[in-house]
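As structure tokens, the structure follows; a few thoughts come after it.
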Protein chains: 2
Amino acid sequence: MTTGDDAGPIIQLGASERLGARPALTARELADLIGVSQSTVSRAFSKGTSVSPKTRAFVLEQAEKLGYRPNVIASFLSRRASSIVGVVTADFTSPVYIDMLDRLSVRMQELDIHPLLFNLQAGAEAGDQLAVLRQYNIETVIVISGRISHMSVARWAADGRKVILMNRDIPDAAIGSVRCDNSASSLVADHLWEIGLRRVAFVGGPESSAVSAEREQAFVRRVAELGMILCGREGGREYSHQSGFDGTRAVMASRPEAILYATDRLAIGGLDALSWSGGLSVPGDVSIVGFDNIDMACWPGIQLTTVHHDVPRIVDGAIELLQQIQNGREGPRKHLVKGGLVVRATTGPAKA
Amino acid sequence: MTTGDDAGPIIQLGASERLGARPALTARELADLIGVSQSTVSRAFSKGTSVSPKTRAFVLEQAEKLGYRPNVIASFLSRRASSIVGVVTADFTSPVYIDMLDRLSVRMQELDIHPLLFNLQAGAEAGDQLAVLRQYNIETVIVISGRISHMSVARWAADGRKVILMNRDIPDAAIGSVRCDNSASSLVADHLWEIGLRRVAFVGGPESSAVSAEREQAFVRRVAELGMILCGREGGREYSHQSGFDGTRAVMASRPEAILYATDRLAIGGLDALSWSGGLSVPGDVSIVGFDNIDMACWPGIQLTTVHHDVPRIVDGAIELLQQIQNGREGPRKHLVKGGLVVRATTGPAKA
DNA sequence: TTGTAAGCGTTATCAC
DNA sequence: GTGATAACGCTTACAA
């Protein structure tokens with residue numbers, strides 16, 4: 001019953017609910033109530049401590065009944081560490097990053113790890129964030145953004161924070177990362193070849209974008225191997241619809257039969273330039289291909305051929321890394337998640 | 001230099017950076033170092049305490065120099081309250097809610113208030129969250145979602161948490177809220193009347209959605225006042241593109257000259273059904289109007305006529321409320337932010 | 001105005 | 001395996 005904006009009228013609260021404002025039970029109080037020492041209560045709640053299974057079960061049961069839950073703030077202070085994880089974002093306009101944040105935050109909650117959100121504006125200083133990380137005793141930081149500088153990441157790591165990078169990597173650094181295999185764009189070249197297209201172009205994101213560069217590189221290499229012609233190439237200032245639109249208009253001067261875009265958003269900008277606003281037929285006049293397989297890609301009126309970016313698996317990888325770090329096992333690891341080509345309706349043989 | 005995914009190579013860290021792993025300075029250490037008492041340091045950092053301006057300035061200056069920052073965890077424990085604010089979300093697929101989260105989190109950071117993200121899945125229990133709010137000593141919760149039940153909100157409030165609702169309200173409850181004026185949909189009726197359209201229809205969100213209901217109501221009332229004909233009405237299970245697509249197909253049976261949708265996303269689904277996939281002309285065959293004025297609404301190939309939803313001002317309102325609450329001033333307040341009609345290219349006279 | 005000292009609710013180090 | 005007791009780094013009476 002939690003769908004829609006309005007899940008019913010205000011419901012009268014029972015007596016126990018009303019008492020909520022009373023301060024929460026402390027370990028000491030629970031201990032006194034059930035006749036054990038306060039440290040026993042503490043031990044019952046932390047794993048890897050020496051309590052008899054019987055006592056632990058008893059304490060946990062009573063705690064449940066009386067509504068006791070350890071105060072994490074006190075625990076953080078005492079342990080000089082917190083289970084809060086910093087989640088750093090900067091690209092709320094990117095559907096892929098939003099999807100990652102969505103799934104990641106849900107998964108974290110299931111594990112009782114809570115994300116403190118650091119939404120960095122362009123130009124925010126890494127140092128400022130570092131101070132906050134320290135203030136909160138935050139040990140682990142997950143970066144879901146391509147816009148945070150390597151420098152910032154390096155500083156956090158140098159300060160002893162564990163960093164997990166999503167969708168990017170710092171090659172020779174001992175920093176965990178989980179990302180999709182951008183070289184899958186080579187599959188696009190194969191596909192275009194198979195349907196008989198020879199003149200191809202690439203429309204990318206910002207020049208400084210590693211993601212765009214990797215996707216371009218793998219595509220261009222395979223294009224060359226197959227003996228196809230790379231007739232055009234455009235980059236943008238950003239990963240926006242307008243960028244894809246403008247890039248497409250520009251690259252059409254080279255008369256390509258197909259265009260690969262660094263992301264679906266750019267590709268949809270291209271579809272707009274060509275078809276919605278341009279009066280051309282896709283794929284009749286030109287084929288287009290995206291990368292990421294965002295929700296929009298399968299809208300009835302879009303049906304974009306694209307490379308699948310497996311966000312759920314990337315999130316799984318990040319969660320796995322997170323747990324390894326929190327359990328103190330192993331060092332940083334690099335995950336690379338494969339994606340595959342999804343052929344829809346924006347690619348096909350050229351019109352006769 | 002923080003645009004693009006890759007902001008340069010790893011930079012060698014200076015000596016002071018490398019030492020970062022050394023534990024942060026405490027108030028006691030700073031106090032000893034600069035020759036004041038620890039409580040003086042504490043006072044210098046909290047406003048409304050009795051310290052001479054001179055001492056405060058001195059302490060703050062030295063703290064800055066030596067890199068001291070109060071540990072907020074200890075502060076939370078001592079104050080039995082935390083400046084962490086819970087931000088509750090559930091609709092990561094809604095551009096408007098994402099935009100709110102984006103802007104809100106940035107504004108909060110500027111104020112040194114940090115958002116702990118609670119991303120609730122459909123069906124998540126309010127009680128579970130409440131336990132976590134207590135564990136973190138969280139006093140204030142901002143709800144950016146229509147899908148969290150009134151019941152949950154009421155329970156948090158009954159437990160003594162301050163709640164700020166964004167984009168919704170619980171009418172007779174003493175709970176703060178900031179939302180857009182959904183009755184602005186009446187402006188749509190006026191606009192359609194002026195361009196000579198008489199048969200209109202409405203495509204809404206889930207039946208349980210208060211937002212959809214309010215937008216529909218104001219529209220329908222004005223339509224009646226103007227003597228226009230409401231010839232059709234469809235609701236969906238959700239606020240998705242597909243819902244808008246399907247709802248449009250259904251409502252076209254009543255041959256409307258114009259359709260108002262509860263949101264832009266639904267309207268774009270409608271545009272897809274009519275134009276991209278349907279071969280009809282918009283606005284030649286039928287005019288369509290959305291609500292929210294999301295980014296997509298102004299894409300070259302969309303140019304959707306819509307009602308502006310002023311997210312920045314709504315966020316301003318929420319921040320204002322937040323500060324009032326944190327300063328202990330005043331009780332809950334209700335803000336209503338006006339929007340206006342944005343006429344673009346999807347409305348116009350019917351084809352001759 | 002400033003310093004001293006007693007919490008805040010945990011964890012961790014001791015003995016037993 | 002369990003119970004006292006000392007941190008953890010702050011805030012806040014209470015004294016000076």
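A, B, ... follow the sequence lines: proteins, then strands. Residue 1 opens every chain.
- One axis for each end of the helix from C/dT1-D/dA16 to C/dC16-D/dG1, each built from five base pairs, and the angle between them comes to 40° at 10° resolution.
- Between the CG atom of B/L30 and the C1' atom of C/dG3 there is a distance of 16 Å, given to the nearest Å.
- Atoms OH and CZ, on A/Y136 and A/F76 in that order, are 11.0 Å from each other to the nearest 0.5 Å.
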Which nucleotides of nucleotides 8-16 of chain C have their base under 4.0 Å from a protein heavy atom (B), which only their sugar-phosphate (S), and which neither (-), written as one string 5' to 3'? BBBBBB---
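- Between A/H114 and B/F118, the ring-plane angle classifies as tilted under the 30° and 60° cut-offs.
- Rounding to the nearest 0.5 angstrom, the gap separating the CG atom in B/L130 from the CZ atom in B/R161 is 6.0 Å.
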Determine, stepwise, if the pair B/V141 / B/L133 fulfils side chain to side chain contact (heavy atoms under 4.5 Å, CB included). CA-CA 9 Å; B/V141 178; B/L133 295 179; 3.7 Å; yes
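- As rounded to whole Å, 14 Å separates atom P of D/dG3 from atom CZ of A/R56.
- Nearest approach of B/Q38 to B/A27, heavy atoms of both residues: NE2-CB, 3.7 Å.
- For A/T49 and A/R56, the side-chain atoms include at least one donor-acceptor pair closer than 3.5 Å.
- Within the structure, side-chain hydrogen bond (donor to acceptor under 3.5 Å, both in side chains) contacts touching residues 80-90 of chain B (residues at least two apart or in different chains) are B/T89-B/N119.
- If you check every strand for non-hydrogen atoms under 4.0 Å, B/S50 touches a base.
- Side chains of A/S37 and A/T40: a donor on one and an acceptor on the other come within 3.5 Å.
- Taking side-chain N and O atoms only, B/S52 has a distance below 4.0 Å to OP1 or OP2 of C/dT2.
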